There are 2 protein chains.
Amino acid sequence: MSQRVSALSIIDAIAGDLRRRIYAGDLVQGTPLTEAELAASYDVARPTAKAAIERLVADSLLERGAHKTARVKTLGAESVRDIYFARAFLESEVVRRLARTATVPEAARRANTEIEARLSQAATAIIDPDMDFHTALVDAMGNQRTSAMYRSLLGEVRLCMTRVQSLELLDSAQIASEHATILERIAAGDPEGAAGALDGHLAHARELLAAELEGNAGHRS
Amino acid sequence: MSQRVSALSIIDAIAGDLRRRIYAGDLVQGTPLTEAELAASYDVARPTAKAAIERLVADSLLERGAHKTARVKTLGAESVRDIYFARAFLESEVVRRLARTATVPEAARRANTEIEARLSQAATAIIDPDMDFHTALVDAMGNQRTSAMYRSLLGEVRLCMTRVQSLELLDSAQIASEHATILERIAAGDPEGAAGALDGHLAHARELLAAELEGNAGHRS
DNA sequence: CAAGTGTACTTGTTAGACAATCGTAGGGTT
DNA sequence: AACCCTACGATTGTCTAACAAGTACACTTG
């Protein structure tokens, strides 16, 4: 029962489908993915499956050592802190610069409106617009390479967010509210206020998730 | 006559050798690299050559569209500006934070000493220690993902630097001096001074190279 | 001379195969 | 009985050979 996986390149399609399944929690942390197994399940040749795996390894969604089977990435507390620190480093400087010219990205505003519209749905429903919100901020810088660098973090960020939202560590309404504060500080031309609000927003999620991961080793269906 | 290309993985070895040849100017901008040609010259199978090419495309050292032959990346003025802007964005915030705690990375100091030691050599001799200097600054943040993001820029940065140094657009002694100023401002605990010095350092190289690329379309043996 | 066609070149993907390597289970030794 | 060493199975790394599909350029034709 292969999903409609036939976009442009077969490899892209398989990599995309695996990504989707990992984000959806279909493939749990530590799940081994052998090349032969994948090739059989998608009915493609092994080199094709291999290429798809390598793509996800490059995205840090899978990890594997030489000659070892690829496994879905396991996030520890220190990885989470590293990821969120990198985000905060990059994004806080982004909003600082946006605030300097009081430039509020329209796409970010739209994304937050979408989050507010989904408050009554499951917590996981706001993951997509949440990612859109932060991506929109970075993209508003208008610098291709900076956006590309940020995008290389997004795979792991998404892993974290899936975790945060499925454990319901954060209230969706609070997230929307913090986003609104960030946009408001940008509009007010308050660089430090905007950067501070963003740092707080990320620190909040970071510590909750890190504490959760340190507390229990994390097995929960 | 295949070079001694047999490190850990054959693919790594070929990708590494191609990288070296691109940096060395052996492979000029726009040079087409067909899979079959590469496979023959390194005496490996085509899929192996393909994988090496894909790795360099991921590094942005080669570019290719679907079903088209990979070519060595051609840098235009706008790409150069984009690259240097991204660098300045990231690095200026790095030195700002380092200056806040007056933390001078030992590795950066060593790298600049190495540059000074090579002032009498060819201009291209300082490329490696120059890259080491900037990498050391970012690494001093102690954040793995930030270092990884910066590293994803390094391939193109190196392309730019090779260009700057081979055209002798900048005086090596001046580079060393600007580096020294940055370190001195960090040591003095002067965040804005350090960030400003770094911005100036990068802006200098950026505008010279961009102007050069805008001036003549860039054919020179 | 312009437009459509065709052909050669290149990449995308497949199939099957073999060597190298890793993990583990089993047997031998103390 | 405990420990080390070996052998086996599973998995990955790479190769050869081949076909399908797409692109670019030249050629023919109107």
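No experiment lies behind these values; they were computed from the predicted model shown. Lettering of chains follows the sequences in order, A, B, ..., and the numbering in each one begins at 1.
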Looking only at side-chain atoms of A/Ser9, point me to the closest of C/dT13, D/dT11, C/dT11.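 Among C/dT13, D/dT11, C/dT11, the one nearest the side chain of A/Ser9 is C/dT13.
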How many Å lie between [atom1] on [X] and [atom2] on [N], as a whole number?
X	N	atom1	atom2	answer
A/Leu33	D/dA10	CG	P	19 Å
A/Ile10	D/dG22	CD1	P	11 Å
B/Ile11	D/dT12	CD1	P	14 Å
A/Arg46	D/dT14	CZ	C1'	9 Å
B/Glu35	C/dT13	CD	C1'	11 Å

Would you say that more than 12 heavy atoms from the other residues, nucleotides or ligands in this model lie under 6.0 Å from the CZ of A/Arg64, or not?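 Yes - once you tally the heavy atoms of other residues, nucleotides and ligands closer than 6.0 Å, there are more than 12.
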Does [N] have its OP1 or OP2 closer than 4.0 Å to a side-chain nitrogen or oxygen of [X]?
X	N	value
B/Thr48	D/dG13	no
B/Lys68	C/dT11	no
B/Thr34	C/dC9	no

Pairwise 5' ranking along DNA chain D for B/His67 and B/Ala49, keeping only the more 5' one: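 It is B/Ala49, whose closest nucleotide lies nearer the 5' terminus.
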Exercise: identify the closest heavy-atom pair between B/Val80 and B/Arg206: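 Result for this residue pair: CG1-O, 4.2 Å.
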Taking atom types as modelled, find out whether B/Glu207 and B/Tyr84 have a side-chain donor-acceptor pair closer than 3.5 angstrom.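 Their side chains do not contain a donor-acceptor pair, so the 3.5 Å distance test is not met.
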With a 3.5 Å cut-off and no angle check, do the side chains of B/Tyr42 and B/Asp17 form a donor-acceptor pair?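 Looking only at side-chain atoms, B/Asp17 and B/Tyr42 do form a donor-acceptor pair, the distance falling under 3.5 Å.
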With heavy atoms under 4.0 Å as the rule, sort B/Arg64 into base, sugar-phosphate or nothing.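 If one applies the 4.0 Å heavy-atom cut-off, B/Arg64 turns out to touch the sugar-phosphate alone, with no base involved.
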